[in-house]
Amino acid sequence: EYDQATIKKLLSNNTAKYKDWYTLCHQYIKDTNTGEIDEKIASQYYLIGEPGSFKVYGKGDTSALIILSPDNHYIYTEYCPYTSNYMVEPEYLVSDFDSDGTEELAIILYFAHGTGLSIESLFMADQTDDGDWILYHYSYTEYINALLEHLTTRREGDSYYLLVDGNLAEDSFTVASDEKLFDDEKYYFSVESFINFEFNEDNQIEMIAQVEKRRSSWPQALDINNYLVTKVSYKGNDSWELGKLICLPDDPLAVNDTPKEYLVNESFYADVNQDSIKEKIRVKQEVLKEYQGVKTPGFGSISVYLASDDYNPVWTWDVHHTESTFIYVTHIDGKDYLAQYFPTINQGIYAYSYKIFSLDADGNEVIYASNEAENWINTTTSEDELQRKIDAFKKEFDAYLQDSFPLLEFEYSQATN
């Protein structure tokens with residue numbers, strides 16, 4: 001858990017505790033400045049990963065990392081175990097996290113664990129303005145303090161409530177009548193013992209922190225309460241920032257015994273609230289079942305997220321596997337809109353509708369155009385006339401799709417049920 005300044009001071013002092021490591025690191029760099037690894041040194045280190053244009057080497061006793069940057073600079077660590085007693089290997093993600101034009105290497109390591117403790121560590125290999133490379137460590141103290149700023153414990157009688165940014169969380173607890181506090185003792189909610197870092201599907205860093213019920217006289221958590229999820233942004237030069245906190249009642253990393261399979265699982269981008277910033281539109285549709293190689297569409301959703309909040313959608317449409325759904329993004333007169341078309345047939349009664357709309361700042365629909373036609377009954381209308389009505393209605397909707405792309409086109413029939 002040493003920061004870079006402390007490590008440099010320890011190495012410069014060249015104390016007995018760090019002497020061998022200090023000497024080995026400098027010998028390693030000296031002998032490999034051509035990019036070739038000296039055989040003597042190579043016998044003590046081996047390649048454990050090649051994320052992007054980086055190479056990561058590990059020491060044989062699993063106590064340290066050496067990273068080779070894309071421009072052949074070596075970054076070494078004073079103490080950085082690259083695997084745990086549980087043999088959990090490092091996770092890597094290469095991206096330009098701080099938008100400086102140079103890709104950094106993010107590393108998640110898991111080596112702080114034990115009874116009542118499970119903490120992953122986040123590192124970032126970053127190039128400084130003068131061309132040096134440094135492996136920064138997101139300090140436990142820094143992010144725990146940042147998280148705790150958002151938590152409040154409110155007491156009402158013998159009940160204790162968790163507030164996150166002033167909002168009441170889903171869970172609370174009540175002290176048993178025979179349970180007495182010592183002098184100056186208290187109950188409270190905290191985040192101290194269970195921290196996970198994850199690389200999500202959008203190549204971003206997320207933190208999942210477990211909220212614990214605690215008693216100040218007892219070293220271990222009394223119980224698990226909620227989970228906090230937030231994004232971690234790296235701003236460069238060992239500067240980190242947490243995003244908006246989301247409080248969940250269940251562990252978002254819990255393993256589902258029956259993982260979902262998706263026919264559609266994609267993200268699109270369009271300025272559907274017309275604020276000159278494109279929103280992310282997440283489209284998902286599950287596989288309901290598979291028979292003889294044919295996958296039947298199931299439930300799904302289409303969700304719109306603002307650029308400032310990638311967790312809470314401002315608009316969502318749930319897709320049911322027994323309802324035809326056609327949703328598009330269309331560009332009209334220089335502006336983006338969502339376009340929905342719903343053909344419904346139920347017991348011989350035909351109902352068709354569409355709407356073209358944008359979203360306001362709160363996610364409410366602002367209708368640009370719409371129409372609906374109901375009670376077309378096939379028993380009182382000839383097939384030809386019914387088809388002409390359907391074609392004319394669809395043509396009216398299609399006129400708004402001259403410059404568009406589909407988010408989801410799903411037509412329900414009895415065969416898919």
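Nothing fancy with the numbering, it's 1 onward along the sequence.
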(message) Would you say that Val232 contacts Tyr143 through its side chain, given a criterion of any heavy-atom pair below 4.5 Å between the two side chains?
(response) no

(message) Looking at every non-hydrogen atom in both residues, tell me the closest pair between Asp96 and Gly101 and how far apart they are.
(response) OD2-N, 2.9 Å

(request) Taking the side chain as every heavy atom from C-beta outward, state whether Phe97 and Ile205 have any atom pair closer than 4.5 Å. (result) yes

(message) Does any part of the side chain of Val56, heavy atoms only, come nearer than 4.5 Å to the side chain of Pro51, both counted from C-beta?
(response) yes

(request) Measure from the side-chain N and O atoms of Glu212 to the backbone N and O of Ser193, and report whether any donor-acceptor pair falls under 3.5 Å. (result) yes

(message) Show the nearest heavy-atom pair for residues Met207 and Leu242, with the distance to one decimal.
(response) CE-CD2, 4.0 Å

(request) For residues Lys244 and Thr230, report the shortest heavy-atom separation together with the two atoms involved. (result) O-OG1, 3.4 Å

(request) Could you pull out the closest heavy-atom pair between Trp315 and Glu365, with the gap in Å? (result) NE1-OE2, 3.0 Å

(message) Can you confirm whether more than 12 heavy atoms, excluding those of Asp129, are under 6.0 Å from its CG atom?
(response) no

(message) Under a 3.5 Å distance rule, please check whether Glu120 uses its side chain to pair with a backbone N or O of Ile108 as donor and acceptor.
(response) no

(request) Compute whether any side-chain donor of one residue and acceptor of the other, for Ser239 and Asn237, lie under 3.5 angstrom apart. (result) no

(request) Report yes or no: do Trp133 and Asp71 form a side-chain donor-acceptor pair below 3.5 Å? (result) yes

(message) Please report the interatomic distance CG(Asp165) to CD(Glu149), rounded to the nearest 0.5 Å.
(response) 10.0 Å

(message) For a 4.5 angstrom cut-off between non-hydrogen side-chain atoms, does Val314 reach Asn273?
(response) no

(request) Measure the spacing between NZ of Lys335 and OG of Ser276 and express it to the nearest 0.5 Å. (result) 10.0 Å

(request) Taking Asp100 for its side chain and Thr102 for its backbone only, find out whether a donor-acceptor pair lies under 3.5 Å. (result) yes

(message) Whether the side chain of Ser267 engages the backbone of Arg282 through a donor-acceptor N/O pair (distance < 3.5 Å, no angle test) should be reported.
(response) no

(message) Applying side chain to side chain contact (heavy atoms under 4.5 Å, CB included) to Tyr161 and Thr152, what does each step give before you reach the verdict?
(response) CA-CA 8 Å; Tyr161 298 91; Thr152 306; over 6 Å; no

(request) To the nearest 0.5 Å, tell me how far Lys280 NZ sits from Asp202 CG. (result) 3.5 Å

(request) Determine whether Leu338 and Ile302 make a side-chain contact, defined as any pair of heavy atoms from C-beta on separated by less than 4.5 Å. (result) no

(request) To the nearest 0.5 Å, tell me how far Lys278 NZ sits from Asp271 CG. (result) 8.5 Å

(message) Looking at Asp391 and Lys395, would you say the former's side chain and the latter's main chain have a donor-acceptor pair under 3.5 Å?
(response) no

(message) Whether the side chain of Glu104 engages the backbone of Gln127 through a donor-acceptor N/O pair (distance < 3.5 Å, no angle test) should be reported.
(response) no

(message) Go through it in stages, so that I can follow the logic: the residues are Val304 and Trp317, the test is side chain to side chain contact (heavy atoms under 4.5 Å, CB included), and I'd like the CA-CA distance, side-chain angles, deciding distance and then a yes or no.
(response) CA-CA 9 Å; Val304 177; Trp317 183 267; over 6 Å; no

(request) Report yes if some heavy atom in the side chain of Asp98 is under 4.5 Å from a heavy atom in the side chain of Lys235; otherwise report no. (result) no

(message) Can you tell me which residue among Tyr341, Phe393, Tyr368, Phe342 is in a ring pair (Phe, Tyr, Trp, His ring centres under 6.0 Å) with Tyr354?
(response) Phe393

(message) So does Val272 get a backbone contact from the side chain of Glu279, meaning a donor-acceptor N/O pair under 3.5 Å?
(response) yes

(request) Would you name the heavy atoms of Ile107 and Leu135 that are closest together and state the gap between them? (result) CD1-CD1, 4.4 Å

(message) Counting C-beta onward and ignoring hydrogens, is there a side-chain heavy-atom pair between Phe54 and Pro70 closer than 4.5 Å?
(response) yes

(message) Is it true that Glu50 and Tyr92 share a donor-acceptor pair across their side chains at a distance under 3.5 Å?
(response) no

(request) Would you please test Tyr352 and Phe397 for side chain to side chain contact (heavy atoms under 4.5 Å, CB included) and show each step? (result) CA-CA 11 Å; Tyr352 284 73; Phe397 173 73; over 6 Å; no

(request) Can you establish whether the number of heavy atoms outside Asp333 located under 6.0 Å from its atom CG is more than 12? (result) no

(message) I'd like to know if the side chain of Tyr140 reaches the main chain of Glu192, judged simply by a donor and an acceptor atom lying under 3.5 Å from each other, with no hydrogens or angles considered.
(response) yes

(message) To the closest 0.5 Å, what do you measure between CE (Met124) and OH (Tyr136)?
(response) 11.5 Å

(message) Could you report the tightest heavy-atom contact between Leu359 and Val366, atom names first, then the distance?
(response) C-CG2, 4.4 Å

(message) Check whether Thr330 reaches the backbone of Tyr337 with its side chain - one donor and one acceptor, N or O, closer than 3.5 Å.
(response) no

(request) Could you tell me whether the side chain of Ile332 reaches within less than 4.5 Å of the side chain of Asp403, counting heavy atoms only? (result) no

(request) For Tyr138 and Phe197, run side chain to side chain contact (heavy atoms under 4.5 Å, CB included): C-alpha distance rounded to whole Å, both residues' side-chain angles, the deciding distance at 0.1 Å, then the answer. (result) CA-CA 11 Å; Tyr138 190 17; Phe197 292 97; 4.2 Å; yes

(request) Would you check if the side chain of Asp362 reaches a backbone N or O of Asn364 as a donor-acceptor pair within less than 3.5 Å? (result) no

(message) Could you measure the distance from the CD atom of Glu91 to the CZ atom of Phe199? Nearest 0.5 Å is fine.
(response) 6.5 Å

(message) Against Leu228, only a single residue in Ile208, Leu248, Leu151 fulfils side-chain contact (heavy atoms from CB on, under 4.5 Å); can you say which?
(response) Leu151

